[in-house]
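Working notes for the structure below.
Throughout, protein chains are lettered first and strands after them, A, B, ... in sequence-line order, and every chain is numbered starting at 1. All values reported here derive from a predicted model rather than from experimental measurement. Computed from heavy atoms alone, side chains included, the values below leave out hydrogens, waters and symmetry copies.
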2 protein chains.
Amino acid sequence: MNAQFKKGVLEMCVLSLLSKKDMYGYELTEQIGKEMAVTTGTLYIILKRLTDEGYFTTYLKESSDGPARKYYTLTEKGHHKQEELKKNWHQFVVSVNRLMEEVL
Amino acid sequence: MNAQFKKGVLEMCVLSLLSKKDMYGYELTEQIGKEMAVTTGTLYIILKRLTDEGYFTTYLKESSDGPARKYYTLTEKGHHKQEELKKNWHQFVVSVNRLMEEVL
DNA sequence: AATAACTATATTGTAATACTATATAGCTAG
DNA sequence: CTAGCTATATAGTATTACAATATAGTTATT
């Protein structure tokens with residue numbers, strides 16, 4: 001998989017998953033990992049950045065089978081960002097496909 | 001437009017356009033510019049890199065309305081790279097869409 | 001209780017690549 | 001001859017994913 005394709009998209013995926021329900025970091029890594037290669041390091045950096053930028057709030061919750069988990073909750077700002085990124089993404093895919101399929 | 005989405009994709013677009021016919025740098029900028037914002041600086045750096053990596057050969061040709069143009073021709077290696085990137089791109093889009101639409 | 005395996009969060013340093021700004025210069029029209 | 005268009009090119013910066021590594025709680029096995 002081309003690592004460059006992921007630039008910006010991982011952030012969108014995180015926001016998109018969190019728009020459905022609160023999740024913790026490790027869980028996000030596993031969900032996204034089903035579709036593409038991603039390391040925990042990458043995910044935690046994204047989570048830290050987006051938290052700093054006000055897209056999430058967080059809370060700790062104990063786990064029955066392991067250490068406590070930090071859950072992420074989308075803020076209003078986060079929801080808006082998610083919708084904006086999703087819209088941009090779909091437009092982008094259409095543009096790229098048009099460029100590639102086009103017979104000039 | 002999210003600049004990050006373009007990472008890796010611009011390279012693929014250049015290869016894809018050149019798989020149809022030889023083009024010169026400025027022409028590529030204009031064609032890609034129809035679908036997304038892109039500066040000449042970015043394009044020429046990509047062209048230089050891909051030339052150095054053996055995906056193109058180049059030749060100069062005089063123009064009737066301006067300075068001489070440097071045309072780019074895909075090599076066999078370039079054609080293979082283009083097909084590979086295109087395949088990866090389509091798979092990537094499917095994966096991302098699945099992640100975003102999924103009800104978990 | 002000691003150890004290994006699993007779960008979970010986090011940081012540092014590096015690599016890849018797009019953007020901004022700028023430089024250079026040929027050609028054409030007024 | 002000058003302005004505007006065409007065309008190629010480079011230097012410095014910013015963003016973001018990856019690899020490697022550190023830390024530590026929990027569970028199961030010996």
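If you take NZ of B/Lys6 and P of C/dA16, they are 21 Å apart, rounded to a whole angstrom. Distance B/Ile45 CD1 to D/dT8 P: 15 Å, rounded to the nearest Å. Distance, A/Leu47 CG to D/dT16 P: 14 Å, rounded to whole Å. Going from atom OH of B/Tyr44 over to atom P of D/dG12 covers 21 Å, rounded to whole Å. A straight line from CD of A/Gln4 to C1' of C/dA15 spans 9 Å, rounded to a whole angstrom. Between the C1' atom of D/dT10 and the CG atom of B/Asp52 lies a distance of 14 Å, rounded to the nearest Å. In this entry the distance linking CE of A/Met23 with P of C/dT7 reads 15 Å, nearest Å. Rounded to an integer number of Å, the gap from CG of A/Leu60 to P of C/dT9 is 9 Å.
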For B/Arg49 and B/Glu11: C-alpha separation, side-chain torsions, deciding distance, then whether salt bridge (charged side-chain N to carboxylate O under 4.0 Å, His left out) applies. CA-CA 10 Å; B/Arg49 184 174 75 235; B/Glu11 178 181 310; 2.9 Å; yes
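Contact annotation for B/Lys7: base contact, defined as any heavy-atom pair under 4.0 Å involving a base atom. Nucleic acid contact class of B/Thr40 (heavy atoms, under 4.0 Å, all strands): base. Using a 4.0 Å heavy-atom cutoff across all strands shown, B/Tyr71 reaches no nucleic acid atom at all. Counting non-hydrogen atoms under 4.0 angstrom, A/Gly41 reaches a base of the nucleic acid.
Map A/Arg69 and A/Thr42 each onto its nearest nucleotide of DNA chain C; the residue landing nearer the 5' end is A/Arg69.
Closest to the side chain of B/Arg49, out of D/dT10, C/dG26, C/dA18, is C/dA18. Counting only heavy atoms from C-beta on, B/Val38 has its side chain closest to C/dC19 among C/dC19, C/dA10, D/dT8. Between C/dT7, D/dA19, C/dG26, one nucleotide has an atom nearer to the side chain of A/Thr39 than all others, and that is D/dA19. Out of C/dA8, D/dT10, C/dA18, the shortest distance to the side chain of B/Ala3 is found at C/dA18.
Using a cut-off of 4.0 Å between Lys/Arg side-chain N and Asp/Glu carboxylate O, A/Glu101 and B/Lys20 are scored as not salt-bridged.
Of the residues listed (A/Thr73, A/Thr58, A/Thr57), the one engaging A/Asp22 in a side-chain contact (heavy atoms from CB on, under 4.5 Å) is A/Thr73, and it is the only one.
Between the side chains of A/Thr39 and A/Thr42, at least one donor N or O sits under 3.5 Å from an acceptor N or O.
Contact annotation: A/Tyr24 side-chain N/O to C/dT9 OP1/OP2 distance is not under 4.0 Å.
Cation-pi contact between B/Lys70 and B/Tyr24: absent, since separation from the ring centre below 6.0 Å together with deviation from the ring axis within 45° is not met.
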